[in-house]
Amino acid sequence: MCGIAGLIQSGVDLSGRKSLLEKMSESLKMRGPDGAGSYISGSTALLHRRLAVIDIENGAQPMYFGKYVIVYNGELYNTQEIKKELEEKGHRFDTNCDTEIVLKAYAQWGEKSAEKLNGIFAYAVYDKEEKSLFICRDVIGVKPLYYVNKNGLFAFASRIPTLLLIPEVSHAVDENGLNEIFMLGPAKTIGTGIFKDISELPPACFMTYKNGKINIKRYWELEAKPNTESREEAVAHTRELVRDAVNRQLVSDAPLATFLSGGLDSSIISMLASRYFKERGKVLDTYSVDYTDNDKYFKQSLFQPNKDSDYIGLISDYIGSAHHNVILDNLSVAEALADSAVARGVPAFADVDSSLLLFCREVKKDFTVCLSGECADEIFGGYPWYHRKEILFEDCFPWSRSTQVRRSILKNGVLENGEAYLRNAYESTLKDVKYLESDSKLERRMREMFMLNFNWFMQTLLYRKDVMSMESSLEVRVPFCDRRLVEYAYNLPWELKALDGREKGILRKAFENDLPYDIVWRKKSPYPKTHNPEYFRAVCELANTALNDRSTPLYELLDKNAVNGLIEDPNSLTEPYYGQLMRAPQVLAYIWQIYVWIKKYDVEFIL
């Protein structure tokens with residue numbers, strides 16, 4: 001993986017802005033510590049920072065072919081198929097890098113090349129003769145890409161903080177941005193960048209830029225198609241798609257490990273990876289995360305019925321992995337809240353972010369690439385809200401069913417249109433859902449739930465995973481985001497997806513003979529968070545700092561009494577702020593991260 005950026009400024013010779021370009025490149029260093037490259041010609045500059053994973057010796061960027069220059073961030077998982085097709089067209093290759101595949105695919109097929117790619121990526125190709133730019137992002141949105149188009153200046157980057165270095169880019173956040181933060185956050189609407197001047201290239205889209213004008217087109221979308229498979233055929237098909245996705249993503253010239261939580265998804269990936277390694281005479285390394293004294297303070301709940309630590313040893317022993325359990329200090333998790341917010345460039349995801357950042361830093365000490373089990377819950381129906389009918393058919397986001405908690409921490413009169421903004425975000429998602437005429441009421445709702453989770457909850461987790469891992473110079477791959485698997489799961493009838501009445505039932509059935517019974521049929525448990533009161537005390541102090549600083553615009557928005565109420569009685573928060581992942585400690589941490597973000601990036605609120 002890598003970090004990319006670019007700047008095109010009409011009528012300006014960018015050789016005179018080398019200091020800015022160097023700062024932009026330096027801001028991407030953690031995404032690419034192994035090499036730096038640039039293309040600067042007249043009013044155009046492309047920047048690249050490399051994390052070497054494939055063909056370590058020959059993969060320097062920018063890469064050139066004829067009139068084209070590419071900067072690329074990502075991994076392609078159908079490299080050999082596309083390479084073979086290009087060779088039949090007469091192309092020859094000088095490297096084993098997928099960068100060269102993507103570049104020559106664009107030279108051969110133009111914008112149509114995007115449809116051929118299966119992987120996780122964001123890249124830009126500059127045409128030196130046409131003086132035009134083509135930018136493309138993967139279908140799922142695993143790799144981020146943000147841009148600015150303002151008064152003859154166009155810029156793009158893997159990170160929002162990189163764009164904020166450009167003096168012409170405003171640090172203002174308007175009412176829409178504040179609604180994103182307080183009504184939707186830590187989720188955000190696809191296409192937005194929170195800051196008034198910054199936008200996001202949506203997943204499955206490409207953009208062309210020429211003479212100050214941009215044009216964005218979608219090259220892929222989920223389509224409703226009938227599935228007539230039998231139970232046995234669907235189980236076998238699911239198994240093969242998952243197996244093939246994992247095996248394709250195990251290709252690396254750098255050291256590779258897997259994340260292993262003891263849950264179904266990471267256990268499937270680690271089991272398949274371990275078999276792959278054993279066939280090659282190697283032992284797989286696996287990693288899990290926990291917190292100091294977490295067993296002591298764990299409390300069972302609907303969303304977290306059991307502890308990961310009860311299962312990790314079982315699956316690690318079963319697959320024969322060399323397992324490493326990373327134990328995070330609770331105060332360190334609180335201290336890292338600031339780092340995670342700064343890394344995002346927008347308000348972060350409380351300790352769900354900061355703990356992952358610390359975890360990835362530990363893994364990076366020995367490994368460069370990891371596989372992780374994210375997104376199986378979204379596409380195979382793993383969350384409780386898929387299975388509880390009183391939630392399923394509620395006409396709202398299932399992980400944030402009320403604005404009561406969000407409203408309670410804001411002063412009266414703040415963001416008066418917040419509910420309307422939230423409602424529009426929900427309804428806009430449903431407008432894009434594709435159905436079959438034969439779909440029952442349940443199947444229609446399950447397609448809606450799929451898209452709500454796919455476009456919102458899943459995007460939040462993917463952005464978290466990308467930023468926190470790449471901030472640690474660690475590449476994390478997500479096999480359940482394979483586009484073939486996503487397309488298949490969207491059209492899998494609910495009675496097959498929830499086979500035998502279980503969440504992710506078909507996934508369990510597909511691998512029931514490959515894993516211990518207790519792993520296969522374990523209830524869903526989310527990413528672990530700390531239950532230690534030491535952490536809660538720390539975030540209370542941080543939230544107090546944010547509440548009492550009159551120098552930031554946050555002071556005028558928050559209801560001090562309400563936030564103090566959470567500090568004094570965390571159990572007064574009777575419903576989740578954001579799904580199973582944000583309770584009172586996380587809400588307080590979120591407030592602190594908003595404060596840190598404002599201070600770091602000199603954010604101005606426009607109401």
Side-chain angles (χ1 to χ4, degrees), residues 1-2 4 6 35 37 39 46 48 50-140 142-143 145 201 203-210 217-221 241 244-254 369 475 477 479 481-487:
M1 295 298 173
C2 307
I4 63 173
Y39 167 83
L46 301 180
H48 187 266
R50 187 184 185 210
L51 179 66
V53 173
I54 301 293
D55 198 353
I56 293 171
E57 297 297 323
N58 300 307
Q61 295 186 48
M63 190 175 285
Y64 303 83
F65 180 66
K67 64 177 182 175
Y68 299 113
V69 187
I70 189 172
V71 286
Y72 171 79
N73 166 33
E75 297 292 343
L76 204 59
Y77 301 131
N78 61 341
T79 301
Q80 295 307 315
E81 292 93 326
I82 298 177
K83 184 176 183 179
K84 182 180 178 182
E85 195 173 350
L86 286 168
E87 286 175 337
E88 290 171 353
K89 298 285 187 182
H91 289 275
R92 296 294 176 263
F93 295 88
D94 300 316
T95 74
N96 292 318
C97 290
D98 48 359
T99 307
E100 188 178 6
I101 302 292
V102 174
L103 176 58
K104 291 183 176 176
Y106 181 77
Q108 180 65 41
W109 296 297
E111 63 184 39
K112 289 289 185 182
S113 61
E115 301 170 15
K116 294 178 175 288
L117 308 181
N118 182 14
I120 55 177
F121 51 78
Y123 64 91
V125 180
Y126 182 66
D127 186 323
K128 293 183 287 185
E129 293 179 5
E130 296 292 326
K131 298 191 182 306
S132 63
L133 190 69
F134 175 86
I135 303 177
C136 187
R137 193 164 172 223
D138 69 76
V139 298
I140 311 298
V142 178
K143 292 287 107 182
L145 199 289
L201 179 63
C205 289
F206 62 75
M207 169 197 291
T208 55
Y209 175 84
K210 186 176 181 179
K217 292 183 180 178
R218 175 170 291 277
Y219 67 87
W220 175 90
E221 62 183 354
L241 283 173
D244 188 60
V246 171
N247 283 358
R248 286 174 182 265
Q249 297 189 29
L250 289 169
V251 177
S252 173
D253 293 331
V369 182
E475 174 184 318
R477 300 171 179 177
C481 283
D482 185 290
R483 63 183 289 179
R484 301 164 302 161
L485 196 55
V486 170
E487 290 167 344

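Below, each value reflects all heavy atoms present in this structure, side chains not excepted, and no hydrogens, waters or symmetry copies.
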**Prompt:** Which word best sums up how the rings of Tyr123 and Tyr72 line up, parallel for under 30°, tilted for 30 to 60°, or perpendicular for over 60°?
**Reply:** tilted
**Item:** Asn96 side chain reached by Lys83 side chain, heavy atoms, under 4.5 Å
**Value:** yes
**Request:** Please report the closest heavy-atom contact between Ala105 and Ser113, naming both atoms and the distance.
**Result:** O-CB, 3.4 Å
**Request:** Identify, with sequence neighbours excluded, every residue that meets side chain to side chain contact (heavy atoms under 4.5 Å, CB included) alongside Ala204.
**Result:** Val139, Arg218, Trp220
**Asked** Looking at Leu145 and Arg137, what are the two nearest heavy atoms and their distance?
**Response** N-NE, 3.9 Å
**Asked** Backbone N or O of Gly119 within a donor-acceptor pair of the Arg483 side chain at under 3.5 Å?
**Response** no
**Request:** Report yes if the side chains of Tyr219 and Cys136 come closer than 4.5 Å at any heavy-atom pair, otherwise no.
**Result:** yes
**Prompt:** Any side-chain heavy atom of Ile135 sitting closer than 4.5 Å to one from Tyr209?
**Reply:** no
**Message:** Test of understanding: with salt bridge (charged side-chain N to carboxylate O under 4.0 Å, His left out), list the residues that count as partners of Lys131, not counting sequence neighbours.
**Reply:** none
**Prompt:** Which pair of non-hydrogen atoms, one from Ser252 and one from Val369, has the smallest distance, and what is that distance?
**Reply:** OG-CG2, 3.6 Å
**Asked** How many angstroms lie between CE in Met207 and CG in Leu133, if you round to the nearest 0.5 Å?
**Response** 9.0 Å
**Prompt:** Is there side-chain contact between Pro62 and Val71, with heavy atoms separated by less than 4.5 Å?
**Reply:** yes
**Request:** Would you tell me whether Thr208 and Glu111 have side-chain atoms, one donor and one acceptor, within less than 3.5 Å of each other?
**Result:** no
**Message:** Minimum heavy-atom separation for Ile140 and Asp138, please, with both atom names.
**Reply:** N-OD1, 3.1 Å
**Fill in**
Closest non-hydrogen atoms of Ile4 and Ala124, given as atom of the first, atom of the second and distance, are CD1-N, 4.4 Å
**Prompt:** Do the side chain of Asn78 and the main chain of Glu81 share a donor and acceptor less than 3.5 angstrom apart?
**Reply:** no
Determine all donor-acceptor pairs shorter than 3.5 Å in which one atom belongs to a side chain in residues 84-94; sequence neighbours excluded.
{"unit_1": "Glu85", "atom_1": "OE2", "unit_2": "Lys116", "atom_2": "NZ", "d": "3.0"}
{"unit_1": "His91", "atom_1": "NE2", "unit_2": "Gln108", "atom_2": "OE1", "d": "2.8"}

**Item:** Electrostatic pair Arg248:Asp482 at N-O distance under 4.0 angstrom
**Value:** no
**Message:** So Cys97 and Gln61, do their side chains get closer than 4.5 Å, heavy atoms only?
**Reply:** no
**Asked** Do Met63 and Glu100 come within less than 4.5 Å of each other through their side chains, counting heavy atoms only?
**Response** yes
**Item:** Ile82 vs Asp98 side-chain heavy atoms within contact, under 4.5 Å
**Value:** no
**Asked** Distance from Tyr77 atom OH to Asn247 atom CG, nearest 0.5 Å?
**Response** 13.0 Å
**Prompt:** Is Leu117 close to Leu76 at the side-chain level, that is, under 4.5 Å between some pair of heavy atoms?
**Reply:** yes
**Complete:** The residue among Tyr126, Phe65, Phe206, Tyr68 that forms ring-ring contact (aromatic ring centres under 6.0 Å, His included) with Tyr106 is Tyr68
**Item:** Intermediate values then yes/no, salt bridge (charged side-chain N to carboxylate O under 4.0 Å, His left out), Arg484 and Glu487
**Value:** CA-CA 5 Å; Arg484 301 164 302 161; Glu487 290 167 344; over 6 Å; no
